[in-house]
Amino acid sequence: TSASMARGNGFDARLDRMAQSVVLVMEAMRGFEDKFDYSFVGHSGSGVPLDILGFGSKPPSKDKARDIIETLYSLSVSASQGDNTLIAAEWAVTSITQEEADDY
């Protein structure tokens, strides 16, 4: 999430597409809780991480999914300017490898 996503959404729907992708992943994981674990973490100009949905969470109900999408939009609108993309990518790789897994 970022301030630029909120600002640019009117031009190219980047925030809308990200929200749609999040819904797609949440729906696709329903019924596969025993095979896959996933999380949604964001970043903004103010820092890393913005924990949106943590590992170990079950696929959310429709109400919870709506809350997650609303969180994405509100984080983007209120985000500070700045870019933490590379820091966030480094953080994501480091944090995911803290737990043993079949694949990363």
Side-chain angles (χ1 to χ4, degrees):
T1 67
S2 68
S4 64
M5 290 190 84
R7 282 192 311 273
N9 195 48
F11 299 111
D12 59 11
R14 63 184 77 174
L15 183 55
D16 294 338
R17 287 181 288 136
M18 182 185 69
Q20 292 166 351
S21 297
V22 168
V23 170
L24 178 76
V25 170
M26 289 188 293
E27 289 295 317
M29 292 296 144
R30 193 173 311 285
F32 294 98
E33 297 86 354
D34 57 333
K35 296 188 97 171
F36 298 102
D37 195 8
Y38 65 99
S39 74
F40 292 114
V41 178
H43 69 89
S44 71
S46 58
V48 177
L50 299 173
D51 193 21
I52 297 164
L53 183 69
F55 283 110
S57 300
K58 299 289 185 210
S61 66
K62 290 188 186 277
D63 288 338
K64 176 67 173 159
R66 185 190 65 241
D67 293 344
I68 290 168
I69 299 306
E70 288 175 358
T71 298
L72 291 175
Y73 279 91
S74 67
L75 287 172
S76 295
V77 170
S78 63
S80 303
Q81 290 186 339
D83 189 3
N84 285 303
T85 304
L86 295 178
I87 295 167
E90 183 179 282
W91 180 88
V93 169
T94 301
S95 69
I96 197 166
T97 56
Q98 297 301 311
E99 297 290 328
E100 186 176 337
D102 294 335
D103 199 1
Y104 297 103

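Numbering starts at 1 and runs along the sequence shown. Side chains included, hydrogens not; waters and symmetry mates left out as well; all remaining heavy atoms used. Fair warning: this is a prediction, and the values are worked out from it, not measured in the lab.
For F36, the side chain to side chain contact (heavy atoms under 4.5 Å, CB included) partners at least two apart in sequence or on another chain are M29, F32. Listed by chain and residue number, nothing satisfies the ring-ring contact (aromatic ring centres under 6.0 Å, His included) test with Y73 (two or more places apart in sequence, or in another chain). In terms of the side chain to side chain contact (heavy atoms under 4.5 Å, CB included) criterion, residue partners of T85 (sequence neighbours excluded) are, by chain and number, H43, D83. Qualifying side chain to side chain contact (heavy atoms under 4.5 Å, CB included) partners for L50, counting only residues two or more places apart in sequence or in other chains: T1, S44, L75. With sequence neighbours left out, the ring-ring contact (aromatic ring centres under 6.0 Å, His included) criterion links Y38 to F40. Shown here are the salt bridge (Lys or Arg N to Asp or Glu O under 4.0 Å) partners of E70, two or more places apart in sequence or in another chain: R66.
Evaluation of the side chain to side chain donor-acceptor pair (under 3.5 Å) test over residues 17-31, restricted to residues two or more places apart or in two chains, returns E27-R30. Sorted pairs that involve residues 36-54 and meet salt bridge (Lys or Arg N to Asp or Glu O under 4.0 Å), not counting sequence neighbours, are lacking altogether. Residues in residues 87-101 take part in no side chain to side chain donor-acceptor pair (under 3.5 Å) pair, two or more places apart or across chains.
Taking Ile, Leu, Val, Met, Phe, Trp and Tyr as hydrophobic and joining them when side-chain heavy atoms fall under 4.5 Å apart, one finds L86 isolated, its cluster having no other members. Hydrophobic cluster of V77: no remaining members, since no ILVMFWY side chain lies below 4.5 Å from it.
Contact of the V22 side chain with the I69 side chain is registered, since non-hydrogen atoms from C-beta on lie closer than 4.5 Å.
Distance CZ/R7 to OG/S76: 10.5 Å, rounded to 0.5 Å. Within the model, atoms CD1 of I68 and CG of L53 stand 4.5 Å from one another, a figure rounded to the nearest 0.5 Å.
Taking every heavy atom of both residues into account, G8 and D12 meet most closely at O-OD1, 2.9 Å. Closest non-hydrogen pair, R14 versus S4, comes out as NH1-O, 3.6 Å. The two residues L15 and N9 have their closest heavy-atom pair at N-OD1, 3.0 Å.
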Per-pair distances, 0.1 Å, donor-acceptor, side chain in residues 54-62, under 3.5 Å, sequence neighbours excluded:
| unit_1 | atom_1 | unit_2 | atom_2 | d |
| --- | --- | --- | --- | --- |
| S57 | OG | G54 | O | 2.7 |
| S61 | OG | K64 | N | 3.2 |

